[in-house]
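Report on the structure given below.
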Amino acid sequence: MLDIQKIRQTPDEVAAALAKRGYEVDFADFLGLDAKRKEIISEVESLKAERNSVSREIPQIKKQGGDASELLSKMKTVSDRIKELDEAQKTVETEIHDFIAGLPNLPDEDVVAGGKENNEVVSVYGEMPEFDFEFKDHVDLATSLGLIDYERGAKLGGNGFWLYTGVGAKIEWALLNYFITEHIKDGYEFILPPHMLNYECGYTAGQFPKFKEDVFKLETGNFMLPTSETALVNLYRDEILSEDDLPKRLFSYTPCYRREAGSYRSDERGMIRGHQFNKVEMFAFTKPEESDALHKELIEKACRLVEGLGLHYRLSKLAAGDVSASMATTYDIEVYLPSMGIYKEVSSISNARDYQARRGMMRFKREGSKKTEYIHTLNGSGLATSRVLPAILEQFQNADGSVNVPNPLQAFLGTDVIK
RNA sequence: GGAGAGAUGUCCGAGUUGGUUUAAGGAGCUGGUCUUGAAAACCAGUGUGCCUUUACGGGUACCUAGGGUUCGAAUCCCUAUCUCUCCGCCA
């Protein structure tokens with residue numbers, strides 16, 4: 001949610017910032033509604049003030065044996081008018097709210113305009129792997145090594161589901177363990193949240209109302225979380241924290257459930273894009289002046305995890321149009337997949353600034369201050385396995401079809417090579 | 001799944017035959033007095049949103065949420081959510 005004051009005061013600047021995303025907006029209607037709202041409020045509140053004072057007089061009059069019937073009937077009409085105005089106010093406020101809630105976040109000033117094509121590679125780690133043999137893609141490797149069963153996965157869950165078997169399940173679990181252990185070492189608090197969340201959670205995260213169709217809905221009205229960010233961001237919803245509570249550094253592990261309706265591409269074989277994948281998520285709540293530093297910290301943490309595995313990857317700063325709606329700035333970590341000849345995202349590390357905090361009324365108070373301020377929220381995958389595992393299989397494969405196990409996973413697996 | 005009880009300000013807790021409660025009392029917290037210092041005692045203050053105001057301030061809404069009745073609702077009615085107790089079922 002954007003700052004409504006900012007829109008009132010500098011609508012052109014806000015529109016220009018949103019235009020960097022390719023999002024066009026006209027604030028004329030909004031400004032009209034906003035003025036109408038104030039008009040209604042000042043009328044209805046003075047009527048309510050009158051009603052309150054008269055309602056206090058009535059029992060006095062009755063007590064003294066006076067006749068209040070004239071006042072009562074007069075107040076009846078006032079009361080009816082109040083009801084009308086209350087209704088009108090609610091209508092206007094709903095319109096305003098729906099409009100504001102639909103607006104994406106403002107990209108940071110240093111985020112360039114345009115879409116994906118304007119993303120900027122900031123750094124590259126490692127060397128692009130070269131093979132002096134006919135290399136396989138991760139689907140062939142995972143199948144031939146017995147790590148993943150795609151056919152039975154589809155039998156159980158349908159298209160877009162797979163199952164990890166035997167050593168495959170162990171690698172998956174080893175990866176998650178590796179990530180979790182590193183976050184614990186860094187002093188982050190481990191959270192295991194519910195996987196089924198209520199509407200409010202999706203709204204605060206910024207997924208609702210616009211992206212309702214992307215999640216699995218349940219009979220209860222809850223939905224399956226598409227990322228544990230959706231859960232974590234709601235931890236302090238409607239709360240006012242004290243300055244000492246911040247920053248909060250958290251992480252969680254959950255599967256992520258996504259409809260991904262119609263978004264399959266033929267080149268996305270295997271576990272590149274599914275309805276369910278495992279992800280460890282980092283999350284932080286900070287004071288505004290500390291969020292840039294925390295963002296950097298999260299990026300470095302995610303990079304270290306990929307480097308620990310020895311994978312060749314690059315770090316990109318996203319252009320405005322590629323930054324998701326709730327975020328002000330995002331860096332992507334992309335690992336190289338030899339079979340596709342491209343880099344695929346394994347982590348998105350973003351600063352939402354106060355956008356989510358406004359939606360979920362997450363605030364804090366500084367020592368000695370009466371004013372409440374909005375918290376900044378940050379999130380980043382740390383990491384999602386569904387693209388790390390394919391990258392490991394493809395980048396570390398040998399001519400005989402075996403795959404070398406990255407260092408951090410060897411102890412858990414009890415081997416340095418999968419045959 | 002069945003039956004019952006409950007949800008009040010930072011916390012505890014009173015108020016539920018509708019009108020000096022526009023929320024008592026206590027604790028906590030902040031400031032002050034006193035004190036060498038601290039404690040105790042005493043005094044004062046202590047929520048959030050919105051409207052209005054240069055400012056001081058004023059107004060309004062909020063007793064889980066949403067509706068309803070009424071001149072007037074924490075209090076009465078309806079619905080939802082959550083919590084607790086008992087029974088049943090169950091990993």
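FYI, side chains are in, hydrogens and waters are out, and symmetry mates aren't considered; it's all heavy atoms of this structure. Here the structure is a predicted model, which means the values were calculated and not measured. Lettering follows sequence order; numbering is per chain, from 1.
- Between R37(A) and C51(B) there is a side-chain polar atom (N or O) within less than 4.0 angstrom of OP1 or OP2.
- Although no hydrogens or angles enter the test, the distance criterion places a donor-acceptor pair under 3.5 Å between the side chain of E394(A) and the main chain of S339(A).
- Rounded to whole Å, the separation between the P atoms of U48(B) and U53(B) comes to 22 Å.
- Here U48(B) sits opposite A61(B) as a Watson-Crick or G-U wobble pair (both hydrogen-bonding atom distances under 3.5 Å).
- Look at the P atom in both U83(B) and G15(B): the space between them is 26 Å, to the nearest Å.
- Look at CE on M361(A): it is 6 Å from C1' on G49(B), rounded to the nearest Å.
- At whole-Å resolution of the value, CE in M362(A) and P in U48(B) are 18 Å apart.
- In this entry the distance linking NZ of K365(A) with P of G49(B) reads 8 Å, nearest Å.
- Positionally, the nearest nucleotide of RNA chain B for S42(A) lies more toward the 5' end than for the other of K48(A) and S42(A).
- Aromatic ring pairs are classed by plane angle as parallel below 30°, tilted from 30° to 60° and perpendicular above 60°; the pair H195(A) and Y257(A) is tilted.
- The same atom, P, is picked in U10(B) and in G47(B); the two are 9 Å apart, to the nearest Å.
- One finds no side-chain N or O of R51(A) lying less than 4.0 angstrom from the OP1 or OP2 phosphate oxygen of C71(B).
- Within the 4.0 angstrom heavy-atom criterion, no nucleotide atom of any strand lies near K371(A).
- When the C1' atom is used for both U21(B) and G72(B), the distance is 14 Å, rounded to whole Å.
- Residue-level contact check: I41(A) touches the backbone only, with heavy atoms under 4.0 Å from sugar-phosphate atoms and none from bases.
- By the 30° and 60° cut-offs, the orientation of the rings of F208(A) relative to F223(A) is perpendicular.
- Between the P atoms of C42(B) and G25(B), the separation comes to 14 Å (whole Å).
- At whole-Å resolution of the value, CG in N198(A) and P in A80(B) are 17 Å apart.
- To the nearest whole angstrom, the two C1' atoms, one in U75(B) and one in C89(B), are 39 Å apart.
- For the pair S79(A) and G72(B), the criterion of a side-chain N or O lying under 4.0 Å from OP1 or OP2 is met.
- Residue contacts shown for S73(A) are absent, as no nucleic acid heavy atom lies under 4.0 Å away.
- Taking atom CE of M75(A) as the reference point, atom C1' of G72(B) lies 11 Å away to the nearest angstrom.
- U16(B) and U70(B) have their P atoms separated by 24 Å, with the value rounded to a whole Å.
- Computed from coordinates, the I82(A) CD1 to A61(B) P distance equals 8 Å when rounded to whole Å.
- The side-chain heavy atoms of R353(A) and H376(A), taken from C-beta on, include a pair separated by under 4.5 Å.
- Pairing of G25(B), defined by two Watson-Crick or G-U wobble distances under 3.5 Å, is identified with C12(B).
- The separation of G9(B) from C29(B), taken at their C1' atoms, amounts to 14 Å, rounded to a whole angstrom.
- Closest to the A49(A) side chain, of the nucleotides C71(B), U60(B), U48(B), is U60(B).
- A 3.5 Å limit on both hydrogen-bonding distances identifies no Watson-Crick or G-U partner for A74(B).
- Using a cutoff of 4.0 Å between basic side-chain nitrogens and carboxylate oxygens, K74(A) and E50(A) are scored as salt-bridged.
- Note that CD of E239(A) and CG of D245(A) are 9.0 Å apart. Values are rounded to the nearest 0.5 Å.
- If you take NZ of K38(A) and C1' of U52(B), they are 10 Å apart, rounded to a whole angstrom.
- Relative to the side chain of R56(A), the nucleotides C71(B), U48(B), U22(B) differ in distance, and U22(B) lies closest.
- The side chain of K83(A) contributes no N or O atom lying less than 4.0 Å from OP1 or OP2 of G67(B).
- Rounded to whole Å, atom C1' of C62(B) lies 13 Å from atom CD of Q89(A).
- Nearest to the side chain of S55(A), among U48(B), C71(B), G67(B), sits C71(B).
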*Can you list the steps and then say if E373(A) with K287(A) is a salt bridge (charged side-chain N to carboxylate O under 4.0 Å, His left out)?*
CA-CA 9 Å; E373(A) 293 175 57; K287(A) 294 191 273 187; over 6 Å; no
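- Applying the Watson-Crick and G-U wobble criteria (two distances, each under 3.5 Å), A3(B) pairs with U85(B).
- Ranked by how close their nearest RNA chain B nucleotide is to the 5' end, I240(A) and S46(A) are led by I240(A).
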